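Before any comments, here is the structure.
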Amino acid sequence: MATIFAKFMKKAALLLFINLFFLFVIIISGAKTYLIVVLGFLPILFFCLHNFKILLLILPVLFFIKANLLIFSVSEIFVSFIVLSFFLTHTNIALSDFKIPMFKSFFLYLGILCLSIVKSANIVLATISINHYLLFLGLICVLYASAEDVHAIERTIWVYLSMLLINTIYVFSQVMDKPGRAFGFAGIMYVDYVSLGIIFSLVLIILSQTIWEKIFYSSLMFLYTFGSILTQTRNTWISTLMTSVIVFLFIAIKREYFEIKKTLLKRLLVIFVFLIGMVTVVAVSFNPKTFSRLTAAEQTIQGQITEEGQINNSFISRVLIWHTAYNAFIANPVFGIGAYSFPFSSQNYYTINKYLFKIYVENLTPHETFIAVAVETGIVGLIVFSAFYFLLFRHVFKNITKFTNKSDKRMSLLLGSGIIYCLISMISTDAWLWGHGIILLGVLIGFFFGLGRKSPLSSAS
């Protein structure tokens with residue numbers, strides 16, 4: 001039965017790849033540069049299809065590339081090839097290998113997304129958009145089913161941290177050249193990437209064994225924190241601080257499990273506070289306007305609108321989006337306006353000035369996860385998503401301490417802390433619902449579930 005299933009999935013994956021190839025050619029045939037790049041990259045991709053681990057190492061690199069195909073990021077498109085590679089290289093698989101933890105929660109929310117499509121103003125585009133979630137779910141399934149060893153996961157994370165370091169150095173050069181907000185070649189997603197880097201560094205500092213490891217990881221944390229401050233992004237600072245406190249307290253409570261002395265934690269806490277203070281001083285010296293956006297938030301609304309009607313306050317521009325989102329929710333409170341539909345349906349619900357709508361609302365997402373879910377899937381979707389959200393929190397804390405060897409303990413805490421950051425960050429952004437964000441979240445969840453599957457002490461919930 002397992003062999004028949006494997007052969008069927010292999011044929012289905014090959015058919016999917018052929019379809020994707022022709023989709024590439026059709027869509028980008030009008031852009032010669034893109035066509036040359038894609039066709040030139042395909043031979044390499046064909047070669048890598050038979051090495052699943054290589055593709056996993058390529059994925060973190062793609063997070064730092066600002067490229068899209070229609071409404072999909074390059075990392076989302078690449079997940080299709082990862083799924084194909086998995087079925088080409090893992091022939092002895094069965095349906096039972098895909099029974100991921102929280103299986104019912106994941107697929108119940110998928111059902112809600114599909115149900116909401118009927119309310120969309122553009123059913124075709126909404127149906128295509130749901131692939132954001134399908135790719136996310138597919139990635140989790142193959143990472144879980146592959147159940148890679150901890151070293152394979154470590155290699156992927158180190159590629160991510162290396163790319164993050166390169167981008168951070170580029171951010172420094174940008175600010176030196178022109179003071180102001182900078183995100184490097186990764187774009188706005190860098191603010192979340194670097195926050196994850198800070199959280200990872202924090203975990204590695206605490207759980208590392210030698211003084212030289214602690215110094216190395218402290219240096220990384222210093223650079224990442226410096227880069228985060230230079231982005232001048234308040235929401236990610238708050239999310240990073242909240243996650244750091246939660247992780248530190250969790251380690252302190254479970255210090256016997258992690259084999260850490262209480263005195264060491266006290267010393268590290270003092271060092272962290274000193275490190276953050278030193279980074280802040282250096283960042284302000286590097287760019288005196290680093291915290292200008294914090295003081296700008298205290299200014300009046302009138303002071304944020306120029307004579308030309310331009311808005312200088314990001315919170316106020318979000319309020320314009322939320323006002324339109326509220327109108328959409330009131331008009332469709334039960335099942336919403338359709339999954340991922342707000343960007344191309346908002347013109348049906350705005351009541352603000354048309355000029356402001358065109359600049360600050362049109363074609364944009366709601367910029368907050370729970371607002372986006374409520375507007376696009378209604379009260380029903382919000383209830384299901386909220387249950388899924390808290391169950392994921394519970395699963396992380398329940399399974400993060402079910403390992404026996406030190407490397408698994410460290411990796412479990414590393415991945416779990418990353419998931420916790422993403423969940424906390426959802427309160428202030430909707431970046432984890434689509435694009436690079438949803439794929440990065442899928443990597444963290446897939447690896448965490450897969451690591452738990454490998455552990456004999458782990459249990460699915």
Side-chain angles (χ1 to χ4, degrees), residues 56 59-64 72-80 82-83 100-103 105-107 109-110 113 129-144 153 156-157 159-161 163-164 186-200 235-236 239-240 242-243 246-247 339-340 365 367-370 372-373 385-386 388-397 399-400 411-452:
L56 287 183
L59 182 58
V61 177
L62 300 183
F63 290 143
F64 295 84
F72 298 103
S73 66
V74 63
S75 62
E76 289 179 297
I77 297 297
F78 194 72
V79 167
S80 301
I82 289 179
V83 173
I100 60 175
M102 297 179 53
F103 182 89
S105 298
F106 279 106
F107 283 90
Y109 185 61
L110 174 61
L113 292 178
S129 299
I130 285 182
N131 281 286
H132 290 304
Y133 188 79
L134 290 175
L135 291 167
F136 161 75
L137 196 55
L139 180 62
I140 292 175
C141 287
V142 298
L143 292 181
Y144 174 75
I153 300 175
T156 304
I157 290 179
V159 171
Y160 173 84
L161 291 176
M163 288 298 300
L164 181 60
I188 190 64
M189 278 302 296
Y190 171 71
V191 300
D192 287 305
Y193 294 163
V194 77
S195 292
L196 280 173
I198 294 171
I199 301 301
F200 289 163
N235 291 332
T236 53
S239 299
T240 306
M242 290 178 63
T243 306
I246 291 173
V247 170
Y340 295 100
T365 64
H367 283 294
E368 202 281 335
T369 298
F370 291 91
V373 171
F385 179 82
S386 298
F388 163 73
Y389 180 88
F390 289 108
L391 280 173
L392 185 55
F393 250 122
R394 177 176 174 271
H395 178 86
V396 170
F397 283 111
N399 291 277
I400 208 169
M411 187 53 60
S412 175
L413 182 61
L414 202 70
L415 296 169
S417 299
I419 295 172
I420 291 169
Y421 169 79
C422 295
L423 293 176
I424 292 176
S425 176
M426 285 182 181
I427 298 173
S428 59
T429 180
D430 64 352
W432 305 107
L433 297 178
W434 48 275
H436 288 316
I438 196 170
I439 300 304
L440 178 53
L441 178 59
V443 170
L444 294 172
I445 294 175
F447 276 151
F448 185 79
F449 286 176
L451 188 66

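For the single chain, residues carry numbers from 1 onward in sequence order. Keep in mind it's a predicted model, so treat the numbers as computed, not measured. Atom set for the values below is all heavy atoms of this structure, side chains included, hydrogens, waters and symmetry mates excluded.
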Any Leu110 side-chain heavy atom under 4.5 Å of Leu134 side chain: yes
Stepwise side chain to side chain contact (heavy atoms under 4.5 Å, CB included) check, Phe63 with Met163: CA-CA 9 Å; Phe63 290 143; Met163 288 298 300; over 6 Å; no
Euclidean distance, Ser129 OG relative to Leu433 CG, rounded to 0.5 Å: 12.0 Å
Ser386 side, atom OG; Phe370 side, atom CZ - distance, nearest 0.5 Å: 5.0 Å
Pairwise side-chain contact, Ser425 with Thr236, heavy-atom cut-off 4.5 Å (strictly under): no
Taking every non-hydrogen atom, the tightest pair across Gly418 and Phe200: CA-CE2, 4.0 Å
Stepwise side chain to side chain contact (heavy atoms under 4.5 Å, CB included) test for Leu413 and Ile400: CA-CA 6 Å; Leu413 182 61; Ile400 208 169; 3.7 Å; yes
Ser239 side chain to Asn235 backbone, donor-acceptor under 3.5 Å: yes
Distance, nearest 0.5 Å, that separates CG of Leu423 from CZ of Phe390: 9.5 Å
Side-chain (Asp430) to main-chain (His367) donor-acceptor, under 3.5 angstrom: yes
Separation between CG of Leu143 and CG of Leu59, rounded to the nearest 0.5 Å: 8.5 Å
Minimum side-chain heavy-atom gap Tyr190-Leu164 below 4.5 Å: yes
Ring pair (Phe, Tyr, Trp, His ring centres under 6.0 Å) involving Tyr133 - partner list, sequence neighbours excluded: Tyr109, Phe136
Note, Ile157 side chain near Leu415 side chain (heavy atom, < 4.5 Å): yes
OG1-CZ distance between Thr369 and Phe385, expressed to the nearest 0.5 angstrom: 5.5 Å
Steps toward side chain to side chain contact (heavy atoms under 4.5 Å, CB included) verdict (Tyr193, His436): CA-CA 10 Å; Tyr193 294 163; His436 288 316; 3.2 Å; yes
For Ala339 against Ile130, the heavy-atom pair lying closest together: CB-CG1, 4.1 Å
Nearest atoms (heavy-atom pairs only) where Tyr421 meets Val191: OH-O, 4.3 Å
Side chain to side chain, Tyr144 and Pro101, heavy atoms closer than 4.5 Å: yes
Minimal non-hydrogen separation, Pro60 against Val159, with atom names: CB-CG1, 3.9 Å
CZ on Phe397 to CD1 on Ile419, rounded to 0.5 Å: 10.5 Å
Contact check, side chains of Ile246 and Ile424, non-hydrogen atoms, under 4.5 Å: yes
Please tabulate, for the side chains in residues 437-451, all donor-acceptor contacts under 3.5 angstrom to protein atoms that are two or more places apart in sequence or on a different chain.
none

Side-chain heavy-atom pair Ile199, Thr240 within 4.5 angstrom cut-off: yes
Which residues share a side chain to side chain donor-acceptor pair (under 3.5 Å) with Tyr160, sequence neighbours left out: none
Beyond-backbone contact of Tyr389 with Met426, side-chain heavy atoms, under 4.5 angstrom: yes
